[in-house]
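One structure below.
If you're wondering where the values come from, they're calculated on a predicted model, not measured in any experiment.
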Amino acid sequence: MNMLTVVEPYIAYGYPNLKTVKEMIYKRGYGKVNKDRLPLTDNTIIENALGKHDIICIEDLIHEIYTVGPAFKEASNFLWPFKLSSPKGGFIQK
């Protein structure tokens, strides 16, 4: 139980809001195209990969992820896992 209190400041839990999902996908979103990691800079990347599921732009992708729509599985498989960085001030030893 003591380990949970140590890592609590570094763990986020609960449901994300729309603003958080949007910021994460815009800032750190990469798509998986032919097993390559491509940044989501252009809507044509999304349209070519997910167009058959009526997801043609980044806003459609965000909506599908946030609302867990009918093509959620394909949309989440298209997104590359987020790579998060360590805190700017570093970890503080207590």
Side-chain angles (χ1 to χ4, degrees):
M1 195 64 162
N2 193 20
M3 289 296 287
L4 291 177
T5 58
V6 171
V7 298
E8 185 179 11
Y10 308 108
I11 297 174
Y13 48 90
Y15 296 106
N17 58 14
L18 181 61
K19 180 183 178 220
T20 306
V21 172
K22 188 180 284 192
E23 286 177 355
M24 287 293 288
I25 291 177
Y26 272 115
K27 185 176 179 182
R28 301 188 181 270
Y30 286 86
K32 200 182 308 179
V33 179
N34 297 330
K35 298 183 181 179
D36 288 331
R37 181 177 183 250
L38 295 175
L40 299 178
T41 56
D42 193 7
N43 286 334
T44 57
I45 297 169
I46 298 169
E47 185 176 5
N48 292 339
L50 299 171
K52 61 186 170 221
H53 302 290
D54 293 330
I55 300 173
I56 57 171
C57 65
I58 198 159
E59 287 297 324
D60 290 342
L61 180 64
I62 291 167
H63 180 266
E64 194 70 25
I65 294 293
Y66 184 71
T67 60
V68 189
F72 174 78
K73 182 177 180 183
E74 290 80 8
S76 65
N77 283 338
F78 169 73
L79 283 175
W80 197 275
F82 296 119
K83 289 189 176 183
L84 302 176
S85 55
S86 60
K88 287 183 181 177
F91 292 108
I92 299 172
Q93 297 284 332
K94 288 188 177 182

pair Val33-Phe78: side-chain heavy atoms closer than 4.5 Å: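 Side chain of Val33 against side chain of Phe78, heavy atoms only: contact under 4.5 Å found.
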[atom1]/[X] to [atom2]/[Y] distance, rounded to the nearest 0.5 angstrom?
X: Leu50; Y: Glu64; atom1: CG; atom2: CD; result: 9.0 Å
X: Asp42; Y: Cys57; atom1: CG; atom2: SG; result: 11.5 Å
X: Asn43; Y: Ile56; atom1: CG; atom2: CD1; result: 8.0 Å
X: His53; Y: Asp60; atom1: NE2; atom2: CG; result: 13.0 Å

Hydrophobic clustering (ILVMFWY, side-chain heavy atoms < 4.5 Å, transitive) - are [Y] and [X] grouped together?
X: Leu61; Y: Trp80; result: no
X: Tyr26; Y: Tyr30; result: no
X: Leu40; Y: Met24; result: yes
X: Ile45; Y: Ile55; result: yes
X: Ile62; Y: Ile46; result: yes

Lys32 NZ: over 12 foreign heavy atoms closer than 6.0 Å: yes
His63 atom NE2, over 12 foreign heavy atoms within 6.0 Å: no
Verdict with reasoning, Lys27 to Phe82, per side-chain contact (heavy atoms from CB on, under 4.5 Å): CA-CA 10 Å; Lys27 185 176 179 182; Phe82 296 119; over 6 Å; no
Contact summary for Tyr66 and Pro16, nearest pair of heavy atoms: CE1-O, 3.5 Å
Heavy-atom pair of closest approach, residues Lys83 and Arg28: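 Reported closest heavy-atom pair: O-NH1, 3.1 Å.
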